[in-house]
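What follows is a set of notes on a single structure, which appears directly below.
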Protein chains: 2
Amino acid sequence: MKKKSIINDTPVCQIRMQAISDSMSILSGKWKFHIIGTLIEGNKLGFMDLLREVDGIGTKMLSKELQDLEMNQLIKRKVMNTKPITVQYSITEYGATLAPLIDELANWGVKYRKSVHG
Amino acid sequence: MKKKSIINDTPVCQIRMQAISDSMSILSGKWKFHIIGTLIEGNKLGFMDLLREVDGIGTKMLSKELQDLEMNQLIKRKVMNTKPITVQYSITEYGATLAPLIDELANWGVKYRKSVHG
DNA sequence: GAAAGTAGTTTCCTCTAAGAAACTACTTTC
DNA sequence: GAAAGTAGTTTCTTAGAGGAAACTACTTTC
């Protein structure tokens with residue numbers, strides 16, 4: 001008889017593990033937290049605004065990540081009737097629920113830095 | 001004069017962004033949260049235990065991720081004086097500080113599932 | 001009419017994450 | 001002495017992440 005998982009074999013753990021995988025697949029990549037964090041801080045930003053705010057990102061990645069986030073309804077994209085055309089990106093209510101998670105991530109990172117130096 | 005970042009140009013935001021990058025680099029990859037979560041639940045597990053608990057992982061990835069986590073002092077590795085040789089992996093105090101973050105990640109994922117289905 | 005600003009897309013390239021399978025090495029049990 | 005269990009390492013391969021640079025397309029300002 002082959003040994004089986006014990007700890008993670010309960011329904012609760014199965015759901016938790018699945019949930020973690022879900023979150024990670026939606027929030028994967030180098031830039032999503034930075035983009036979401038920026039849009040939570042400054043609501044309604046254009047493409048070029050984001051390009052300036054998110055330090056180091058290029059047009060291709062920004063474009064792709066914004067599409068991903070919009071598809072998952074974490075951000076909204078609104079084309080304005082201006083000349084020249086402008087676009088307003090903003091966080092959705094749903095996307096804003098990520099604020100505590102981003103805070104945790106930032107706080108943990110800050111503590112890590114301190115513990116490494118001190 | 002070239003336009004500059006406004007929102008993310010404050011020292012506070014710079015530190016936050018850096019912290020998020022730090023956390024992500026330490027916790028990157030498909031398996032780290034699963035391994036850490038498992039070690040928080042069941043303390044002291046062997047290599048083969050983890051291989052069984054973390055559903056889907058292979059020996060190569062497990063070995064590599066455990067080394068990463070040990071290097072960053074999130075887990076401890078202790079070789080036991082048994083025959084055959086066994087190894088006990090356990091979470092460190094420091095690694096345990098990730099519990100709130102993992103909880104947030106799991107909770108957000110659960111909510112996401114519900115909102116997609118409901 | 002050239003420059004600069006809007007918002008992207010496309011192409012080409014590299015590097016890494018990840019996985020499957022085979023292998024080492026040692027010990028105990030059948 | 002073969003099987004099964006301990007704990008990994010090594011090799012080979014592929015898919016995707018990410019980045020640099022050039023390009024489209026349209027408008028306004030100098």
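Naming convention: chains lettered A, B, ... in sequence-line order (proteins, then strands); numbering from 1 in each chain. These values consider heavy atoms only, across backbone and side chains, with no hydrogens, waters or symmetry-generated copies. All figures in this text were calculated on a predicted structure; none of them were measured in a lab.
Rounded to a whole Å, the CG atom of D68(B) is 13 Å from the C1' atom of dT16(C). Rounded to whole Å, the distance from CZ on R77(B) to P on dA7(D) is 9 Å. Rounded to whole angstrom, the span from the CG atom of L51(A) across to the P atom of dG19(D) amounts to 12 Å. A straight line from CG of D49(B) to P of dT6(D) spans 8 Å, rounded to a whole angstrom. Rounded to whole Å, the distance from CD on E65(B) to P on dG19(C) is 9 Å. Between the CZ atom of R52(B) and the C1' atom of dG8(D) there is a distance of 14 Å, rounded to whole Å. With rounding to whole Å, K60(A) atom NZ is found 12 Å from dT11(C) atom P. Taking atom CE of residue M48(A) and atom P of nucleotide dA7(C), one finds them 7 Å apart after rounding to whole Å.
Between the side chain of T82(B) and the base of dT6(D) there is no donor-acceptor pair of N/O atoms closer than 3.5 Å.
The phosphate of dT9(C) has OP1 or OP2 within less than 4.0 Å of a side-chain N or O from S63(A). In this model, the phosphate group of dT9(C) is approached by a side-chain N or O of Q67(A) to a distance below 4.0 Å at OP1 or OP2. Distances shown here put a side-chain N or O of K30(A) below 4.0 Å from the OP1 or OP2 atom of dG19(D).
Across all strands shown, dA18(C) forms a Watson-Crick or G-U wobble pair, both distances under 3.5 Å, with dT13(D). Nucleotide dT6(C): paired with dA25(D) (Watson-Crick or G-U wobble, both distances less than 3.5 Å).
Between T59(A) and G29(A), the residue anchored nearer the 5' end of DNA chain D, judged by the nucleotide with its closest heavy atom, is G29(A). Comparing I85(B) and K64(A) by the nucleotide of DNA chain C that holds the closest heavy atom to each, the one mapping nearer the 5' end is K64(A).
Partner of Y89(B) under the side-chain hydrogen bond (donor to acceptor under 3.5 Å, both in side chains) criterion, chosen from R77(B), K44(B), E70(B): R77(B).
Under a 4.0 Å N-O distance rule, the pair E65(A)/K32(A) qualifies as a salt bridge.
Closest non-hydrogen pair, S23(A) versus L105(B), comes out as OG-O, 2.8 Å.
Residue W31(B) places its side chain closer to dG19(C) than to any other of dT27(D), dG19(C), dG8(D). The side chain of M61(B) has dA18(C) as its nearest neighbour among dA7(C), dG8(D), dA18(C). Comparing atom distances between the V87(B) side chain and each of dG5(C), dG8(D), dT27(C) picks out dG8(D) as nearest.
Within the nucleic acid shown, T86(A) comes within 4.0 Å of sugar-phosphate atoms alone, with no base atom in reach, counting heavy atoms only.
The number of heavy-atom neighbours closer than 6.0 Å to CD of Q73(A), taken from other residues, nucleotides and ligands shown, is 12 or below.
Between the CG atom of N72(B) and the CD atom of Q67(B) there is a distance of 12.0 Å, given to the nearest 0.5 Å.
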